[in-house]
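Written out below as structure tokens is the structure these notes cover.
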Number of protein chains: 2
Amino acid sequence: MADRARPARLDDVARAAGVHISTVSRVINGRGEVSVRPETRQRILTAAHELQYRPNAIARGLRLATTGTLGLLVPSLRNPVNSPIVRGAFNRAWERNFVLVLAEDTGESEAAEDAYERLVEEGRIDGLLIQSARLDNPHLDSFSSGPVPCVFMDRAHPGSGRNVTMRDGDAGRMVAKHFLDLGHRFLAHLAGPLELDTVARRREGFVELARTAGATPIVVPAVLSEEAGHAAMHELLEQPTRPTAVFVANINQALGAVAAVRERGIRVPEELSLVCHDDDPVCGFLDTPLTAVRMPLHELGSTAVDVLLEQVEGAERRNVVIETEPELVVRRSTGPAPQ
Amino acid sequence: MADRARPARLDDVARAAGVHISTVSRVINGRGEVSVRPETRQRILTAAHELQYRPNAIARGLRLATTGTLGLLVPSLRNPVNSPIVRGAFNRAWERNFVLVLAEDTGESEAAEDAYERLVEEGRIDGLLIQSARLDNPHLDSFSSGPVPCVFMDRAHPGSGRNVTMRDGDAGRMVAKHFLDLGHRFLAHLAGPLELDTVARRREGFVELARTAGATPIVVPAVLSEEAGHAAMHELLEQPTRPTAVFVANINQALGAVAAVRERGIRVPEELSLVCHDDDPVCGFLDTPLTAVRMPLHELGSTAVDVLLEQVEGAERRNVVIETEPELVVRRSTGPAPQ
DNA sequence: CTGAAAGCGCTTACAG
DNA sequence: CTGAAAGCGCTTACAG
């Protein structure tokens, strides 16, 4: 191992400046309003700078009972579709002087508890962002009453009063309206797993608006994967009255769904219109570029951090819905209903 | 804010068990070999369990000068193409009882230093995984001599003696051989930025093997994005002698490149064969599924963690090349050279 | 076999 | 304006 320079401690700075460590601490942390003789302050600042002093986060954390760290519980590291959310959260946390530690909640039995123990119970974090909530997970309640605040982002935990979400219902409605405007009457939704609250809200909006026009969409839930999207699209296309417009829940499903459509020789958009939820760079580069709903994912992540830090600082919990409206990015996969 | 249960401390367990905290500490941490009367041990274990005691990681970290945390410096949170590497690192770290904190090294001037200060100099981590090395970054040397060990993964920092890499040269050779076997003589490489060591090694392998057959590939470097891939492919296709086989550096470029090919009405693979580096799920779902090189990314991440922890425990630095060979996943985008 | 003490690197009332 | 002391929650030699 290379010789590793021991980082400077308060003690080193104090000695170099010829003062007591408590004085150093005061000028380093003081917001300028501490009463220190200017020349003393100067000597300390110079010494600290020369020694490249940075307060040890662990020691400070122990003393202040604050870690400067937030936890982030993601549903999967395998499939980074939601990386804009993570990026939004990371960037804001970094700006606000917090670092982010990762944990994975795969949905398997003890994954979330394990993460909870390691991050919360061992006192590693000041707050927890949960991106992996599932409506069927009973353990989430205990998170809310634990020793650190938490916030559910994107996927809400109803009743928790700690949800930061987007206008998913509006996204569904927007897509339904787009289809109806194009004259479609046979709508379908290739949905995600309905245990995900986002998925449920999107579906609701889509179905509700379609019904106002007398069209009742077929809904097929499927796992958020290429394979599941592929199978579910085949299922949809075998329906007695084949839908002419399908709203697909995510990009992975959409890739599989597009393959299924191609296999059947069905033309897009002449015979079938497709919309993908969450606009992904890939959408624009497919052979038939996909019309997609763009959600304010980055903003969701950054707002979730703000709301969490609010609570870390003592505020009451609250639900927040990001105001920014979903945006429909119209590309070539949607067109007028076939006659 | 909800009433938050204060987590149990050593003190609480000691009181509940009627012993001194030092005794509790010993039985909790002892690997069984500590001499404690069985009934005392039992009382302590029961109390700890009932109080759900977990040692505070911060306090323990301060005492042991060890944090149980590793840092991960990624090139970008925007584009998670390398998520299998991150996942491999995360999973192995978690298994070995370390948590991972994220930092982003966007390549902008002080991004890496900033991350270094916050993670290393503030004493938050025991070791640093660097996935963002660039051959043109002079600051990397100082990382090597800092207070904590580091490892460069995927993108090497030549001369550091701390690189964990894959057989990128072999990947390039494998693709060249595939093209040559199919009878192609006019080869090209849509490369990534040559400041990335991985990119340089891949190119070398590709060019070197092609030359043995008397074919000297055209090499066009481009940023790893859809747009750059699109532009660079157009450039390649305007060459006086148009290549019949192109090796593309990553999936983002490939999506743009495929679009460019389509715009020119060139048929794949009849008129042009394409191979993409790094097999991505998307490759299999394009209209013309892409032949791709599958690298052992997950293994790279997990091995990098092992090598780093080796050094955290005091071992000498060393370079490691993952033995696992790249694998060519042949799909429909490659075929015999046109006559 | 168990307890009392020191100390990890900080911060912050409290003196002076 | 500055110093000395206590203490955050642990671990570990050192006594007994």
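A, B, ... follow the sequence lines: proteins, then strands. Residue 1 opens every chain. What you see is a predicted model; the values in this text were computed from it and never measured.
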**OP:** State whether B/Thr40 places a side-chain N or O below 4.0 Å from either non-bridging phosphate oxygen (OP1 or OP2) of C/dT2.
**Re:** yes
Original post:
Do NZ/NE/NH1/NH2 and the carboxylate oxygens of B/Glu310 and B/Arg318 come within less than 4.0 Å?
Top reply: yes
Subject >> Minimum-distance nucleotide (side-chain atoms of B/Arg26 versus C/dG3, C/dG9, D/dT12) >> reply: C/dG3
Subject >> Salt-bridge criterion met for B/Arg96 and B/Asp306 (N-O under 4.0 Å) >> reply: yes
Original post:
In whole angstroms, how far is the P atom of C/dG9 from the CZ atom of A/Arg6?
Top reply: 8 Å
Original post:
Taking atom P of D/dA5 as reference, at what distance in whole Å does atom NE2 of A/His20 sit?
Top reply: 8 Å
Original post:
Which nucleotide, D/dT11, C/dA4, C/dC10, lies nearest any side-chain atom of A/Arg63?
Top reply: C/dC10
Original post:
Toward the 5' end of DNA chain C, which comes first, B/Leu62 or B/Thr23, by nearest nucleotide?
Top reply: B/Thr23
Subject >> Check against ring-ring contact (aromatic ring centres under 6.0 Å, His included), B/Phe98 and B/Trp94 >> reply: CA-CA 5 Å; B/Phe98 280 78; B/Trp94 193 263; over 10 Å; no
Subject >> Min side-chain heavy-atom separation B/Phe152-B/Ser144 under 4.5 Å >> reply: yes
Original post:
What is the distance, rounded to the nearest whole Å, between atom CZ of A/Arg43 and atom C1' of D/dT2?
Top reply: 11 Å
**OP:** Scan A/Leu64 against the nucleic acid and name what it touches under 4.0 Å (heavy atoms): base, sugar-phosphate only, or nothing.
**Re:** sugar-phosphate
Original post:
Between B/Arg134 and B/Asp197, does at least one N-O distance fall below 4.0 Å, as a salt bridge requires?
Top reply: no
Original post:
So does A/Asn56 get a side-chain nitrogen or oxygen closer than 4.0 Å to the phosphate oxygens (OP1/OP2) of C/dC10?
Top reply: no
**OP:** Quick one: stems involving DNA chain C, counted as three or more successive Watson-Crick or G-U pairs, both distances short of 3.5 Å.
**Re:** C:1-3 with D:14-16, C:5-12 with D:5-12, C:14-16 with D:1-3
**OP:** Could you tell me whether A/Glu323 atom CD has more than 12 heavy atoms of other residues or ligands within 6.0 Å of it?
**Re:** no
Original post:
When the distance from CD1 of B/Ile21 to C1' of C/dG3 is rounded to whole Å, what number comes out?
Top reply: 10 Å
Original post:
With respect to the side chain of B/Arg37, which nucleotide from D/dC10, D/dA4, C/dC1 is positioned closest?
Top reply: C/dC1
**OP:** Let me know the distance between CG of A/Leu10 and P of C/dT11, rounded to the nearest Å.
**Re:** 6 Å
**OP:** Determine, stepwise, if the pair B/Thr67 / B/Asp126 fulfils side chain to side chain donor-acceptor pair (under 3.5 Å).
**Re:** CA-CA 6 Å; B/Thr67 62; B/Asp126 297 333; 3.0 Å; yes
**OP:** May I ask you to evaluate whether A/Tyr53 reaches the phosphate of C/dG9, defined as a side-chain N or O under 4.0 Å from OP1 or OP2?
**Re:** no
**OP:** Let me know the distance between CG of B/Asp11 and P of C/dA4, rounded to the nearest Å.
**Re:** 13 Å
Original post:
If you check every side-chain atom of B/Arg9, which of C/dT2, D/dA4, D/dG9 has the closest atom?
Top reply: D/dG9
